[in-house]
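Scope of the values below: all heavy atoms of this structure, side chains included, with no hydrogens, waters or symmetry mates. In what follows, chains are A, B, ... by sequence order, proteins preceding strands, each numbered from 1.
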Protein chains: 2
Amino acid sequence: MTSESNSSPGHDAVIRLVAESSEWLCGNGPCSDIVISSRARLARNIAGYPFVGKASAEHRSQIIAEVQNVLSDRIGNRRTTTINVEQLSEMDRQFLTERQLISRELSRGEGPRAVIISAGERHSVMINEEDHLRLQVLHSGFALDECWQECDALDDQLESQIPFSFHPQLGYLTACPTNVGTGLRVSVMLHLPALRMTREIQKVHQAAQKIKLAVRGLYGEGSQALGDFYQISNQLTLGKTERQLITEVREVVQRIVEWERKVRRMLVKDREPWLMDQVSRAWGTLTSARSISSEETMHLLSSVRMGLQMDLLDGRDAALINELFIQTQPAHLQRIHGDSLATERRNIVRASWLQKRLAEQSS
Amino acid sequence: MTSESNSSPGHDAVIRLVAESSEWLCGNGPCSDIVISSRARLARNIAGYPFVGKASAEHRSQIIAEVQNVLSDRIGNRRTTTINVEQLSEMDRQFLTERQLISRELSRGEGPRAVIISAGERHSVMINEEDHLRLQVLHSGFALDECWQECDALDDQLESQIPFSFHPQLGYLTACPTNVGTGLRVSVMLHLPALRMTREIQKVHQAAQKIKLAVRGLYGEGSQALGDFYQISNQLTLGKTERQLITEVREVVQRIVEWERKVRRMLVKDREPWLMDQVSRAWGTLTSARSISSEETMHLLSSVRMGLQMDLLDGRDAALINELFIQTQPAHLQRIHGDSLATERRNIVRASWLQKRLAEQSS
């Protein structure tokens, strides 16, 4: 880790990410009209160490070193960067959370903890979150199999040199019983503005609950469905094979995607003028506001994204709209701007950033 | 009246007005940052006829003919058009009301009644409204003296050949006692967005009431202050000379104009980012909405008008914004479009008209 020799290496790594765009935001994956991203994550603990909650700072540092050592700057053929989360400022931690690279739990935690990120932000390995390791693979669009295969390969890469806590009957052991077994959680981030507009989104929640799938917001557990983003994931990890878990989530997501598409078609058929007005006003406000909150931005970008996918707006770049969802969030905005900004000033900088980025897109 | 030989002469006259722009909307009069227009009107009744409320249809028709005959297609050196209001459709009457050429009372009345309009819409003579005659002169900006002088000249032109009901002690006699005496009402239409934003507008109402001036909306008595337009006028017409009445209104209006200017300066000083945001978003919504109500349009145009006058928006034509206040109202919009339109369709046509007219103005 060359960056680790720097006086604030984690911060430098964050700064390098500011200039880059995450692969999973490119917006060209399967079903990208509705599916933003797919993710697989495995919870693992290293045999011979206490669980994170009971581990000493020394143990935790050893775990980080051991994982770094095994990976040796590579996941598969991608180069990696390790970021020492404990040394990061609150804003840099928020930045990584906004970017979906670490969880709010890792961000808010204490003591030695880290994240290892592969080039393009395809993989992230959180170390000393709730479990010793959380292996995560993120893809653009609806691509659960690819996520699972790459996560499985990463798991193999590590397991070939690190003994994981494993029980012959129960499977992989984890700090929280809900993760015991496969330790696998697969999730899909969906953009469901039409289901929200028609209030059918409640039925999605109810249907998912019945078959024990979770519906969450952009930042996982307990977060709001900002920008009409909904994350669907399995809640159980025990008693089923990885293939079964993935198939279950895939089938439900397929039904929701079809449902959202059907409601979009219905909206165009029955309420096209209203819909055009919503989409066009959203674009008008995003390009003319001189001060705008993160919430309003998410809400308006959601309408624009839908308008683009439904061909109600022409000549705009879908990848840019995806990027703006992330770039207009508080920590990203401040990192792009270079300074810490109070809320009022941030709203002004956000508006001017939107204007600048969207100006090239006006038809 | 050549147009009167046509099968629907009033309607034809309205159609000709659709293509024209009223002089008082040009936005280049004195204090036009705040004062839209000034108006003087005289209430007169012709001796020998009962007041309108008691006059037969025959009497009322005779009054119209007598006034037409005296004016003989001219007020001063301007050509006139007579519009038979009784024969007009409701939409055409609404059109003339929106255009400030007739009152809501004349529009909603019954029986023979008419309006004579001079070229550029400088003068309008309502016949058989509450009184036999209501002589009105309208100017752009703060120009009460000019209004009064031209109204006085019109009064002389008529009085040289028509005997008006006049009482040596009371002055001119009118149907309603509040108009007895001079029969003069002078009014000024003010655009007061900053006083409304800072809620100081209540104090304007209170101050005006104390000195017996009326504060009304765009369409006179009982109308709402749409688009931040407020009409200030004298309530009493008796016991003072015309000069005194005009001076009173002028002095109060001068104070309100200074007050609005002061609050605008204060807003720029203390809340410029917020103000810029309001103005810029208003422009963004006006140019991007695909469906918009008359009320929302008035509200947004008001912000844009203020932004223009305060140099917060560049390169836009003030006269166009003034015109759009009138052109986007329901009857104008339908007359421009050529057809009667249901509300929903009207909102779509309004949005596309705004987009078309404002497109040339985008900076």
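Looking at B:Y230 and B:M189, their side chains never come closer than 4.5 Å, going by heavy atoms from C-beta outward.
Using a 4.5 Å cut-off between heavy atoms, B:I292 contacts chain A through both its backbone and its side chain.
The number of heavy-atom neighbours closer than 6.0 Å to CD of B:Q254, taken from other residues, nucleotides and ligands shown, is above 12.
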TODO: With side chain to side chain contact (heavy atoms under 4.5 Å, CB included) as the test, would you mind laying out the steps for A:D92 and A:R335 before giving the verdict?
DONE: CA-CA 8 Å; A:D92 284 338; A:R335 277 290 157 255; 2.5 Å; yes

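Remark: B:E323 CD to B:S21 OG distance equals 3.5 Å, nearest 0.5 Å.
Interface with chain B: from residues 272-280 of chain A, residues A:P273, A:M276, A:D277, A:S280 qualify, criterion being any non-hydrogen pair under 4.5 Å.
Taking the six-membered ring where the residue is Trp, A:F95 and A:H332 present parallel rings, their angle staying beneath 30° rather than reaching 60°.
A cation-pi geometry, defined here as NZ or CZ lying under 6.0 Å from the six-membered ring centre and within 45° of its normal, holds between B:R316 and B:W283.
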